Amino acid sequence: MRKLLPLISTPHSGGRSALTCRFRCGDACFHEVPNTSDNEYVGDVIAGALSRRSMMRAAAVVTVAAAAGTAAVTGNGGATATAATVPAGTAPKDTGAARGLRFTPVAPNTADQVTIPEGYEQNVVIRWGDPILRGAPAFDAKNQTAAAQAGQFGYNNDFLALLPLDGDYERQQLLVANHEYTDEVLMFANYDPANPTREQVEIAWAAHGLGVVVVQEDHRSGKLTAVRRHQLNRRLTATSEFRLTGPAAGSDLVKTSADATGTKVLGTLNNCSGGTTPWGTTLHGEENFNQYFANGGAVTEPVQAARLKRYGVTGAASERKWERFDKRFDVLQEPNEANRFGYVVELDPYDPTSTPRKHTALGRFKHEGAQPRLTEDGRPVVYSGDDERFDYFYKFVSSKKMKKGKSRAARAYNLTLLDEGTLYVAKLTGDSPAAQIDGTGKLPADGEFDGSGVWIPLVTANADGAVSHVPGMTAEEVCVFTREAGDKVGATKMDRPEDIEPSPRTGRVYVALTNNKDRGAAGKAAADEANPRNSNKHGQILELAENWNDPASDGFAWRLFLVAGDPNDPSTYFAGYPKDKVSPISCPDNVAFDSHGNLWISTDGNQLGSHDGLFGVATQGPRRGELKQFLTVPRGAETCGPLIQDRRVLVAVQHPGELDGASVENPMSAWPDGPGKMVRPAVVSVWRKDGRNIGV
Ligand code: FEO
Ligand code: CA
Ligand code: CA
């Protein structure tokens, strides 16, 4: 048996390096918690903005939803939690597993490679710097230019989508990727963080954003390779044109000296996770946008200062010093520019001339991602988490029905689906006495962390205007200062809501809550039934059941599906599955479903000593809760953007080598091209050697 891997002693959230915290999220977890509202948390009675009437209606609906939820989630074969016998660092036995998860699990490890199960193969589909547009040169780190980077695959790939191509494009698919952020110390030799050059800054602008590249499948193996210079290939960067749509578009809150219309934004920033729509577009969450804006701490006007603070725009100079080269990144000079970031972006990757939209109707916060599903009558419902300690999760229900077909008219119409509808924030109530939630993760007497919840409406956008449901805030303000709206209505403070994805099989919705080192700290919200561990290192996954198809339904039932960590740790929970048969997991982040209905989870940070990984877990049937590790990523890297197709698994290997003290001169990973080569974030495809489907 393997020895327990050493515990990581970093104070950084989820075991991440200081470098990751600094470049990715502007040290978000080391700043004051932006949510200083004293609104209630789980266990408190619903009050505040909810009227008595809506409370009663909500309660009635919750009862129905709770009953439905209970029915939906029984059937785990009577499996109960048992004492763990396998130490962390050991892979569980290959026990057969649920269909789609029949592979020999990868043991936790610290190998500087992508480690995959026996019988599988892998390749790098595309790397940072690979040319994808006509005229773009081959990657040359020493002679990099902004023009070259704008035609090459961007840095730090996160969310991935694959969309089908028809006709001539048989066996080709469209790969869409987010390029969340840049690691200047790993991109530029002799980088001086105090004095970046204009050229370095412009390269970083070009390395952010989105990428679209056609990929070709090998007929025999299923291996994917990028098709360079395809007419649909595209890059969008921190300087490309985007359009604001929805209630806040054109409002005074988003007008700037360069854009008096309040509709035309240059760039998208810090796109983390995302989603693929049933109408053939992709959604991209703008996450830690605050870190790019300077001088928030110098603003003295109290309302603006409070709003900047709520979003973490609090510093002096920004990490990357972009404000020196474009004044729009200085909030003293351009107070509204930051109000134009923090949205869900929609891209039509089939039209390389289209201007992507920033949907203000879905609110402005640190959107992790956005994954839609359709109601029976064709209206999209989009879930989105706000990745910050003690922040909220949301859903948007469109009032418009998707038009079927691929006609130009249908496609144009469907691009407006997310402009009209209602945005809600989640309020959760536990069903166990608060005294039974002691902050250790010990299950309450009823054997489950569970309860009911209500979706509190914030704003409804119609064709002829928008209506705020938040006292004291206009509809435009709700769309731009959405966190403030959530505070006012008493939304539930969660442990960093990351990806949220509905199961295409069951309709149940899974919310990844990655960690929260400050849960239960002095002056902060204590553990509650949905966030049951103080100083939460390893995170949890919440499962919601709700009545999708009733437009009047605003309630849901919830329970914790996973409480992550070392299975030997009594605070962990794997949906009641025997814990000697599961892999250890820490810090769930991005989630995806396979065609069998299994949930796949990638991790960001690991407090158990292993590298980050990708895991599959059954959500239904007798093996519900059996979690198995499929791969691990190289040193310093995060596993992102998992995509599970029948023939392949795709992951974005983000920020390899991003460890404290690393630089171009002192690389701490040799991935993907071996020693002596630049460390490069890249997309990896994994398939079965025997050509059969994944995990069957
Ligand atoms: Fe970019 Fe919330 O992870
Ligand atoms: Ca309970
Ligand atoms: Ca993420």
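Order of listing sets the numbers, starting from 1, for every ligand and every atom in it. Here the structure is a predicted model, which means the values were calculated and not measured.
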Notebook entry, point to check: So, Tyr343 versus Phe242, ring centres under 6.0 angstrom or not?
Noted result: no
*Does the ring centre of Phe630 sit less than 6.0 Å away from the ring centre of Trp600?*
yes
Using a strict cut-off of less than 4.0 Å between a Lys/Arg side-chain nitrogen and an Asp/Glu carboxylate oxygen, indicate whether [X] and [Y] qualify as a salt bridge.
X      : Y      : answer
Glu184 : Arg22  : no
Asp387 : Lys366 : no
Glu388 : Arg483 : yes
Asp487 : Arg310 : yes

Here the vertex angle at atom 2 (Fe) of ligand 1 for OE1 of Glu368 and OE1 of Glu498, given to 10°, is 70°
Taking atom 2 (Fe) of ligand 1 as the apex, Asp387 OD2 and Glu287 OE2 span an angle, rounded to 10°, of 80°
The atom of Glu180 among N, O or S that is nearest atom 1 (Fe) of ligand 1 is OE2
Any donor-acceptor N or O pair under 3.5 Å, side chains Asn156, Asp183
yes
Return yes when at least one N/O/S atom of Cys640 is nearer than 2.8 Å to atom 1 (Fe) of ligand 1, and no when none is.
no
Review point. Taking 2.8 Å as the cut-off, does an N/O/S atom of Asp604 lie below it from atom 2 (Fe) of ligand 1?
Key: no
inquiry  = With respect to atom 2 (Fe) of ligand 1, please indicate if Asp589 possesses an N, O or S atom at a distance under 2.8 Å.
reply    = no
So the angle subtended at the Ca ion (ligand 2) by Asp446 atom OD2 and Asp450 atom OD1, rounded to 10 degrees, is 90°
OD1 (Asp431) to the Ca ion (ligand 2) to OE2 (Glu529), nearest 10°, is 90°
(message) So, 3.0 Å as the limit: is an N/O/S atom of Ser432 located closer than that to the Ca ion (ligand 2)?
(response) yes
Looking at Glu448, the N, O or S atom sitting nearest the Ca ion (ligand 2) is O
